[in-house]
Amino acid sequence: MENIEHLLEKVLSYSPKANIDLIKKAYIFSRDAHVTQTRIEGSPYIQHPISVAAILAEMKLDTATIAAGLLHDTIEDTGKTAEDIKADFGHEIAFLVDAVTKLSKVEFKTREEAQAENFRKMLLAMAKDVRVILIKFADRLHNMRTIEHLPAEKQRRIAQETMDIYAPLANRLGIGWLRMEFEDLCFKTLMPDLYEELGIKVAKRKEESERDIGEVIAVITEKLKQISIEAKIRGRLKHSYSIYQKMVKQKIPFEQVYDVIGVRIITDTVPHCYDILGIIHSLWPLVPGRFKDFISLPKSNLYQSLHTTVVGPIGERVEFQIRTKEMDEVAEEGIAAHWRYKEKEAVDKKNTRFVEWLRDLVKEISDAEEFLEAVKGEVAPDTVYVFTPAGDIKELPVDSTPIDFAYSIHSAVGNKCVGAKIDGRIVPLRYKLNSGDVVEILTSPSQTPSKDWLKFVVTQRAKSRIKQWTRAEERKKGIELGTKLLEEELRRHGTPQAMLKSPKMEEVLKSFSILTIEDLYVLIGYGKISAHQVVNRFEPEKEDQPVTKVSKPQKSTRDVITIKGVDNILYRIGRCCMPVPGDNIVGFITRGRGVTIHRKECTDLERIAVDAERMIDVEWKHDGDVTTQTKISVEALDKPGILANLSALISTSNVNISSVKAESTSDRRALIELIVEISDRSQLLALINKVSQMEGILHVRR
């Protein structure tokens with residue numbers, strides 16, 4: 001169990017001149033703040049902050065970070081405030097503590113929304129100072145190490161969140177040991193039986209293979225001595241989750257995973273790395289397709305190493321990793337290594353390489369849940385390496401397309417992309433890039449992004465830029481159409497156009513909870529608000545006049561239907577078929593709810609009308625000034641502006657739209673359901689005929 005003395009010893013072991021008094025002061029502050037609290041298993045709560053600080057000390061971080069680790073829960077879980085910490089410890093430590101504090105005073109609709117907002121807050125701060133995420137990593141790691149004390153459901157939720165977000169993010173920041181421990185702890189929590197079974201098999205394989213690996217190491221050691229190359233050689237056991245991943249990915253049992261134990265060689269120079277590689281390949285045959293040179297092509301997290309797999313002396317595969325001491329430090333500790341013994345100004349230049357992608361996301365995405373999904377996409381571990389025609393390297397996620405590549409160069413290149421050449425050969429925009437491809441993007445000044453691209457691009461940069469452009473274009477069309485529809489409705493009612501700039505307009509906007517008139521135009525253009533509704537807000541006294549169409553079926557159809565032989569009986573229009581004047585109709589007596597009116601050809605009648613005695617004759621009463629709501633379903637090509645164009649067409653037919661529902665299908669179709677106000681059957685048939693002839697419409701039906 002960690003205590004303050006052990007913590008101070010750890011800090012002094014790597015930083016003899018560390019400000020120990022600051023750490024002691026932070027410990028006392030935290031201990032006093034948490035004095036009445038205990039952890040779920042009963043230990044004093046202060047044990048958690050000390051353990052978090054100890055993990056940060058193992059990462060050899062500066063005293064400000066260690067102090068912030070001790071204080072990280074004081075704002076969230078005690079009566080202390082950020083101002084209290086700032087007064088006692090200064091702005092720097094107060095910033096770090098506040099950055100890892102959850103937004104507890106903000107109410108969220110769902111847990112997912114809260115998670116996304118808290119994560120966004122933390123990463124916004126991380127973009128300014130990476131120590132924020134290092135403190136959060138230490139906090140999450142200690143929580144995962146002690147997770148067995150929590151209820152089972154909470155264990156699974158925290159472990160899944162760690163697997164989805166924290167482990168990939170640790171990998172993106174180059175902290176290899178942390179990613180592996182996160183993954184194994186999550187694996188143990190989420191799949192305990194499989195974890196235990198795999199652990200037994202790995203232990204047995206290790207015992208069987210140690211003698212053979214020892215023989216391999218002895219042979220290489222002797223060869224290196226002969227040519228005077230210094231190197232440290234050690235066997236290493238792959239962590240459980242990486243073995244499990246290989247089994248799943250390759251669909252093989254454990255017995256067919258041959259490189260459970262590998263060999264890592266740490267040498268002094270890059271040339272010696274390649275010399276050692278040559279020796280290994282001269283001793284044992286190379287397994288085709290298993291050599292990777294991450295020294296000449298480093299990963300985005302700055303990882304560098306040579307990887308190769310050979311068939312060893314007894315016929316078993318052996319994986320080698322060859323790197324320099326500096327590369328090994330970066331591979332294991334990533335961004336944390338850049339904080340050691342360095343001034344903050346120098347560190348910030350190093351940090352840029354790690355968090356540049358994050359700063360781009362922060363600028364581009366404001367929605368918290370979309371931001372969280374973007375981060376998950378950016379930290380995907382599998383990548384491909386492709387080249388520009390000039391020879392520059394681009395690292396992209398697996399399954400990236402030429403569109404993703406184009407946007408990685410510049411937004412303008414992506415927006416104008418019409419095609420691509422791979423190694424001089426034209427390929428489709430859906431083509432999946434492979435490592436080594438030389439990609440040339442073809443552009444046209446007249447090209448614009450297509451919404452269809454969202455179905456196959458994988459990078460968040462490409463997705464966000466396409467969505468930005470699409471939203472802007474749809475908003476522009478919505479404003480144009482909404483303006484036209486509202487102006488036409490004003491003219492029809494004899495209302496002056498100047499009313500749009502009058503003080504009354506402010507009242508109308510407030511009544512719809514809208515801030516600007518442009519937002520109103522957009523909603524009208526999208527069919528979410530009718531121009532008719534807006535004009536009624538200008539002149540509510542006109543609502544009772546015959547010119548106004550009412551929107552509720554009960555008002556629009558009252559006294560429109562006569563039930564033969566009966567007066568003043570309660571009836572309602574069937575929502576299943578929504579008949580309009582001119583349709584052949586029938587009444588069905590519904591117990592306790594009067595009569596429901598259906599079209600005679602309504603398919604629901606076959607199901608509900610088992611008793612012929614409950615069927616009654618009804619007929620339409622002629623009243624040309626009253627409208628009736630009915631539903632039409634439209635199937636169309638899913639392309640920008642289709643809904644706006646459809647709304648405009650219906651408006652020109654002097655038909656009001658009461659509501660719209662729309663969704664896209666995977667095969668690029670738009671399914672649109674509209675509730676419209678119709679005077680009679682002939683008007684409805686004319687509308688259906690007109691809509692069916694519109695460009696992009698595939699099918700229209702009632």
Side-chain angles (χ1 to χ4, degrees), residues 481 484-485 488-489 491-493 527 530-533 535-536 542-543 545-564 571-588 595-605 615-636 642-661 671-702:
L481 177 58
K484 179 182 175 184
L485 292 176
E488 285 179 357
E489 191 70 12
R491 279 194 294 273
R492 197 166 74 84
H493 281 256
S530 71
H532 184 72
Q533 288 175 288
V535 174
N536 279 346
K542 289 189 177 182
E543 288 183 11
Q545 295 179 13
V547 71
T548 302
K549 298 176 185 176
V550 293
S551 60
K552 293 185 179 180
Q554 290 84 349
K555 290 183 181 179
S556 62
T557 58
R558 184 62 57 225
D559 298 330
V560 172
I561 293 170
T562 299
I563 299 174
K564 292 183 178 179
Y571 71 87
R572 62 192 181 91
I573 297 295
R575 301 296 295 177
C576 47
C577 56
M578 301 184 77
V580 297
D583 284 332
N584 292 322
I585 54 176
V586 65
F588 179 75
V595 175
T596 302
I597 309 300
H598 293 271
R599 285 194 286 147
K600 283 187 175 179
E601 61 267 32
C602 177
T603 54
D604 273 17
L605 280 178
M615 306 288 287
I616 60 173
D617 290 333
V618 293
E619 61 183 26
W620 293 103
K621 177 182 176 183
H622 181 72
D623 190 343
D625 290 333
V626 181
T627 59
T628 306
Q629 288 189 340
T630 193
K631 177 169 62 179
I632 60 172
S633 298
V634 179
E635 181 182 335
I642 189 70
L643 184 57
N645 293 339
L646 180 60
S647 299
L649 181 70
I650 293 173
S651 176
T652 60
S653 301
N654 201 29
V655 173
N656 192 46
I657 300 173
S658 295
S659 70
V660 179
K661 289 182 182 177
L671 303 179
I672 306 167
E673 186 179 280
L674 304 107
I675 304 295
V676 293
E677 296 174 5
I678 294 292
S679 59
D680 55 33
R681 179 182 173 85
S682 61
Q683 186 187 31
L684 176 61
L685 294 176
L687 176 65
I688 290 174
N689 184 54
K690 193 172 183 180
V691 171
S692 64
Q693 295 178 36
M694 179 180 141
E695 184 182 353
I697 300 298
L698 302 174
H699 186 64
V700 187
R701 62 182 176 84
R702 287 187 70 175

| message | Do Q683 and E677 have side chains that approach each other closer than 4.5 Å (heavy atoms only, starting at C-beta)? | response | no
| request: Look up atom CG in D583 and atom NZ in K600, then write down how far apart they are to the nearest 0.5 Å. | output: 11.5 Å
| Has K484 got more than 12 heavy atoms of other residues, nucleotides or ligands less than 6.0 Å from its NZ? | no
| query | Between CD1 of I650 and CD1 of I632, what distance do you get to the nearest 0.5 Å? | reply | 5.0 Å
| note | Residues S682 and D680: closest non-hydrogen pair is OG-OD1, 2.7 Å
| query | Which atoms form the tightest heavy-atom contact between C576 and C602, and what is the distance? | reply | SG-SG, 3.6 Å
| field | Nearest-0.5 Å distance, CZ of residue R681 to OG1 of residue T630 | value | 10.5 Å
| remark: By salt bridge (Lys or Arg N to Asp or Glu O under 4.0 Å), E601 pairs with (sequence neighbours left out) R599
| message | Within this structure, what is the CD1-CD1 distance for the pair I672 and I697, rounded to the nearest 0.5 Å? | response | 6.0 Å
| Can you check whether S633 reaches L671 side chain to side chain, under 4.5 Å on heavy atoms? | no
| request: Would you mind reporting whether R702 and V580 have side-chain heavy atoms less than 4.5 Å apart? | output: yes
| About how many Å separate CD1 of I573 and CD1 of I597, when rounded to the nearest 0.5 Å? | 6.0 Å
| message | Contact between T627 and N656 at the side-chain level, heavy atoms closer than 4.5 Å - yes or no? | response | no
| request: Any chance you could measure L674, atom CG, to K631, atom NZ, to the nearest 0.5 Å? | output: 11.0 Å
| request: Side-chain contact test, heavy atoms from C-beta onward, threshold under 4.5 Å: evaluate it for M694 versus I642 and give yes or no. | output: yes
| message | Contact between V634 and V700 at the side-chain level, heavy atoms closer than 4.5 Å - yes or no? | response | yes
| How close do P581 and T628 get, heavy atom to heavy atom, and via which atoms? | CD-OG1, 3.5 Å
| said: When you compare the side chain of N689 with that of L685, does any pair of heavy atoms fall below 4.5 Å? | reply: no
| message | Counting C-beta onward and ignoring hydrogens, is there a side-chain heavy-atom pair between M578 and I675 closer than 4.5 Å? | response | yes
| query | Closest approach of A531 and L485, non-hydrogen atoms and distance? | reply | CB-O, 3.7 Å
